[in-house]
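Values reported hereafter were calculated over all heavy atoms of this structure, with side chains retained and with hydrogens, waters and symmetry mates removed. The chains referred to below are lettered A, B, ... by the order of the sequence lines, with proteins before strands, and numbering in each begins at 1.
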Amino acid sequence: MSKEHMPLIFERSKEGRTGYSLPDLDVPAADLSDLVPDGYIRTEEPALPEVSEPEIMRHYTELSRRNHGVDTGFYPLGSCTMKYNPKINEDIARLPGFSHVHPLQDESTVQGCLALMHDLQEQLKEITGMDAVTLQPAAGAHGEWTGLMMIRAFHEANGDHHKNKVIIPDSAHGTNPASASVAGFETITVKSNEHGLVDIEDLKRVAGPDTAALMLTNPNTLGLFEEEIIEMAEIIHSVGGKLYYDGANLNAIMGKARPGDMGFDVVHLNLHKTFSGPHGGGGPGSGPVGVKKDLIPYLPKPVLVKTDERYSFDYDRPLTIGRIKPFYGNFGINVRAYTYIRTMGPDGLKEVTENAVINANYMMRALAPYFDLPYDRHCKHEFVISTRKQKKLGVRALDIAKRLLDFGFHPPTIYFPLNVEECMMIEPTETESKETLDAFIEAMIQIAKEAEENPEIVQEAPHTTVVKRLDETQAARKPVLRYIPEE
Amino acid sequence: MAFRYLPMTERDKQEMLKKIGVNSVDELFSDIPESVRFKGRLNIKEAKSETALYQELAGLAAKNANVREYISFLGAGVYDHYIPSIVDHVISRSEFYTAYTPYQPEISQGELQAMFEYQTMICELTDMDVANSSMYDGGTALAEAAMLAAAQTKRNTVLISEAVHPEYKDVVKTYAKGQKIDVIEIPLSNGVTDIQKLKEMLTDDIGAVIVQYPNFFGRIEDLKEMEPAIHGNKSLFVVSSNPLALGILTPPGTFGADIVTGDAQVFGIPQSFGGPHCGYFAVTKKLMRKIPGRLVGQTTDEAGKRGFVLTLQAREQHIRREKATSNICSNQALSALAASVAMTALGKKGIREMAAMNIQKANYAKQLFKQAGFEIVFDGPSFNEFVVNVGKSVKELSDYLFEKGMIAGYDLSKVDSKYDGYMLVCVTEIRTKEEIEKFVKEVGAYCE
């Protein structure tokens with residue numbers, strides 16, 4: 001990464017430069033003031049930059065060099081499944097027959113898009129063990145809210161208006177309680193026990209007639225499989241609640257176990273995680289939702305149906321929760337995920353899971369002598385360590401994360417889940433080689449040594465990045481959220 | 001079969017299992033209870049080689065009619081615009097597209113700065129104080145705006161113009177159900193929001209008034225006339241706006257809008273059968289701490305150097321959990337990057353030129369339809385869309401035009417049977433005079 005001063009695109013602007021090539025105005029030009037009412041023609045021009053094409057390319061190339069991606073280096077960010085993003089996926093998504101198609105074209109002219117969507121739904125049904133899948137949600141959180149709205153509609157249709165509480169483990173992703181709130185539910189927290197799993201006694205205590213659903217990630221955010229899932233499902237189902245599966249961690253169980261077989265009624269998937277994304281710097285993602293039979297009537301509209309060899313959208317869905325997004329979901333991301341599934345097949349996906357789990361356990365065992373392992377048992381695709389030993393030496397998880405930057409690694413997720421002190425959550429994924437894992441392990445061991453012998457080097461890290469630690473307090477206290485030219 | 005994304009060799013595997021202290025990989029899955037263990041083989045399609053899969057999927061893509069081969073007059077929320085080649089080259093830099101959300105700012109300055117620039121461009125176009133770093137799409141952005149307004153005003157009814165995109169209206173209504181917000185539609189008068197009716201509907205439980213500018217039928221709504229009544233009622237003024245139109249039209253912020261949302265698909269983002277596109281969300285300074293989604297802010301590092309971070313995160317789900325202002329987690333960063341590059345390429349001059357050209361070309365088409373004897377429904381000032389009464393089934397007309405290599409405008413009878421025979425025609429800057437003339441001629445020939 002380069003270290004020189006980086007101007008904003010606005011600071012590169014020079015009056016009179018252009019970076020575009022519009023077609024000619026080949027129709028007779030009318031006087032705009034005859035076409036636009038008085039006061040509706042903009043008098044102050046938007047201050048967009050004026051830059052030539054080569055300068056634009058150089059600007060963004062320079063910005064890209066100040067960014068770390070999976071293609072740049074190891075990215076063991078827990079719960080984010082930063083696996084390799086295959087290049088054929090990008091090529092397929094860019095085929096004009098997929099990328100330059102309007103969503104409101106006549107169905108007869110988009111049968112290829114619909115066939116792909118339908119087959120993707122079929123593959124996802126089988127992988128998750130569910131009865132129906134919708135591809136509409138744009139992201140995981142959007143899928144959570146969609147699934148919860150369906151559960152809500154289900155209970156209301158049964159006259160169970162009192163079912164207004166959603167139970168969520170304390171180790172859950174923050175989106176779970178937020179989605180429950182937006183869907184109009186109250187949230188109740190269920191505690192984890194000393195093994196890092198949901199405390200069954202506490203679950204029995206909080207479950208009751210007002211329980212609408214339990215939201216669960218399995219394996220959970222500690223990377224541990226909730227072994228008592230059958231009993232948990234029974235507790236929730238016995239009070240008439242539904243079991244919701246947060247699919248963020250599906251990479252841990254493909255071909256090994258299916259949410260549908262564990263008793264889950266609703267599942268959302270993160271295609272940008274398990275099914276090779278990409279993450280795009282924060283999005284776009286895609287968060288399909290799978291459901292069991294009794295929830296099918298509530299699916300968001302439209303529902304894709306296949307009759308003989310024709311595909312069409314069914315809008316006549318009297319019990320639907322309604323539309324959750326314009327059009328049919330993030331199709332471009334769904335194309336990428338479909339390409340990935342077709343590349344891997346049943347054996348490939350199973351091997352993905354096995355290798356992801358081997359990689360995680362290997363790293364966990366290699367790091368255990370140097371860091372605290374709060375839950376000493378086999379993990380699934382990710383695991384947590386605690387750096388409380390290092391904290392006693394004045395080195396915090398944040399410092400270790402920043403020091404890792406000097407070694408060219410993206411650090412793990414830190415301070416999450418919330419129930420582990422000085423937590424680092426590590427997810428290597430299956431697309432990393434043993435050599436990469438070993439290099440990361442070595443770096444972590446060296447940092448652990450530095451914490452003992454030379455803590456300042458860790459506390460003052462990073463030393464090699466284009467900027468040093470940034471003042472986040474200043475950013476929040478005096479927000480500067482847009483460029484304002486200096487007078 | 002070997003899998004090219006999986007580097008683990010058999011030897012690696014044995015060494016690693018040994019280090020872990022297990023004899024087989026199955027032992028690592030022994031915590032999955034026997035009764036839920038999946039013992040079969042997933043019944044999904046078999047893996048295909050790279051070449052064979054490419055051929056198959058290219059064949060599937062070829063089954064779709066695409067707007068690079070057909071001349072499209074279809075808009076209705078998704079538009080066929082000039083996409084500078086540079087856009088795809090920038091977003092194909094894998095440092096951008098293979099990165100996660102920039103939670104580690106020291107190695108994410110590229111993404112953060114690009115989002116900061118994007119936020120600035122959206123503020124400039126909308127004339128608003130603050131914009132976030134993007135939402136899923138224009139529809140969900142509008143739904144978030146309705147929820148924000150209801151929460152801010154502590155009022156549980158929102159008014160939405162009937163001339164808002166029908167799919168956006170549907171999305172707003174679905175979100176509203178979760179929040180127990182009532183959504184009432186404001187009727188139209190000649191294709192624009194009936195301001196008289198709007199004024200009558202403004203009661204003290206109205207948290208927001210939502211209009212679209214230009215509206216679903218392409219008409220330019222009279223924002224200036226609405227604003228005093230809305231703010232006089234202490235309701236928030238929410239405008240969903242095509243940001244390209246704001247290259248030439250007076251922006252909603254100038255008319256006092258409190259929240260402006262929309263979709264930046266018009267800037268360099270392919271139609272992609274409906275997504276991913278790029279919702280934008282802009283607010284006044286007063287609502288800055290209520291805005292959903294990720295915000296990038298400027299700050300300095302320990303050495304005093306300028307840098308960028310995600311900021312005001314106390315609003316967000318990963319900190320606030322059930323008390324967050326929204327459940328949104330991801331954004332559409334890569335699409336926002338594409339939009340930024342396109343806006344940069346156009347620049348101050350190009351965006352005005354492009355927006356004006358949309359008005360000119362659509363107006364040319366409108367005049368040709370009039371000359372050919374067609375009724376322009378809801379006639380009046382418009383941007384790049386207008387409604388023609390073809391007096392026949394638009395579906396059948398579409399089939400006819402398709403045979404001639406054209407994609408017809410949107411069949412408004414799908415929105416409401418009262419619009420039978422009405423076609424919403426979109427003409428952007430990339431349609432040539434010749435194409436427009438051919439289109440009008442063929443519609444005329446069919447409808448004779």
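Looking at B:Tyr168, the atoms closer than 4.5 Å to chain A (heavy atoms on both sides) all sit in the side chain, from C-beta outward. With a 4.5 Å cut-off on non-hydrogen atoms, B:Lys173 does not touch chain A at all. Residue contact with chain A, scored on non-hydrogen atoms closer than 4.5 Å, involves the backbone and the side chain of B:Thr101 alike. Interface residue B:Arg37: backbone and side-chain heavy atoms are both found under 4.5 Å from chain A. Only the side chain of B:Val130 comes within contact range of chain A, with heavy atoms under 4.5 Å apart. Of the atoms belonging to B:Tyr100, heavy atoms from both backbone and side chain fall under 4.5 Å from chain A. If you measure heavy-atom distances from A:Gln111 to chain B, the contacts under 4.5 Å come from the backbone alone. Within the 4.5 angstrom heavy-atom criterion, only side-chain atoms of B:Leu295, from C-beta onward, approach chain A. Proximity to chain A is limited to the side chain of B:Leu337, based on heavy atoms less than 4.5 angstrom apart. With a threshold of 4.5 angstrom between heavy atoms, B:Arg352 approaches chain A through side-chain atoms but not through N, CA, C or O. At a 4.5 Å heavy-atom cutoff, the contact between B:Val90 and chain A is made by backbone and side-chain atoms alike. Residue B:Asp137 touches chain A through its side chain alone, counting heavy-atom pairs closer than 4.5 Å.
Side-chain contact check for A:Gln474 and B:Thr300: at least one donor-acceptor pair (N or O, by modelled atom type) lies under 3.5 Å. Remark: the A:Tyr40 side chain and the B:Asp222 side chain contain an N/O donor-acceptor pair separated by less than 3.5 Å. Between the side chains of B:Ser92 and A:Arg94, a donor-acceptor pair is found at a separation under 3.5 Å. In summary, the side chains of B:Glu353 and A:Tyr20 do present a donor paired with an acceptor at a separation below 3.5 Å, with no hydrogens or angles considered.
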Please test A:Leu95 against B:Asn66 for side chain to side chain contact (heavy atoms under 4.5 Å, CB included), starting from the C-alpha separation and ending with a verdict.
-> CA-CA 10 Å; A:Leu95 291 168; B:Asn66 74 71; over 6 Å; no
Is there a side chain to side chain contact (heavy atoms under 4.5 Å, CB included) between B:Val22 and A:Asn361 once you walk through the steps?
-> CA-CA 10 Å; B:Val22 294; A:Asn361 278 282; over 6 Å; no
Please step through side chain to side chain contact (heavy atoms under 4.5 Å, CB included) for the pair B:Asn64 and A:Val110, ending with a clear verdict.
-> CA-CA 5 Å; B:Asn64 305 310; A:Val110 293; 4.1 Å; yes
Verify side chain to side chain contact (heavy atoms under 4.5 Å, CB included) between A:Met57 and B:Ile86, making sure each step is shown before the conclusion.
-> CA-CA 7 Å; A:Met57 199 61 216; B:Ile86 191 174; 3.7 Å; yes
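Using cut-offs of 30° and 60° for the angle between ring planes, the B:Tyr136 and A:His142 rings count as tilted. Between A:Trp145 and B:Tyr175, the angle of the ring planes stays under 30°, which puts this pair in the parallel group of the 30/60° scheme.
A heavy-atom distance below 4.5 Å is found between the side chains of B:Val25 and A:Ile358. Using a 4.5 Å heavy-atom cutoff, the side chains of B:Val341 and A:Tyr60 are in contact. Residues A:Val467 and B:Phe308 are not in side-chain contact: their nearest non-hydrogen atoms beyond the backbone lie 4.5 Å or more apart. Taking the side chain as every heavy atom from C-beta outward, A:Ile333 and B:Pro276 approach each other to under 4.5 Å.
To the nearest 0.5 Å, atom CD1 of residue B:Ile20 and atom CZ of residue A:Arg365 are 8.5 Å apart. The structure places CG of B:Leu53 at 6.0 Å from CZ of A:Arg342, a figure rounded to the nearest 0.5 Å. Here the CG atom belonging to B:Asp12 is positioned 6.5 Å from the NZ atom belonging to A:Lys434, to the nearest 0.5 angstrom. The CD atom of B:Gln113 lies 4.5 Å from the CG atom of A:Leu63; values are rounded to the nearest 0.5 Å.
Only one option out of B:Glu302, B:Lys305, B:Gln109, B:Gln298 pairs with A:Leu470 in a side chain to side chain contact (heavy atoms under 4.5 Å, CB included); it is B:Gln109.
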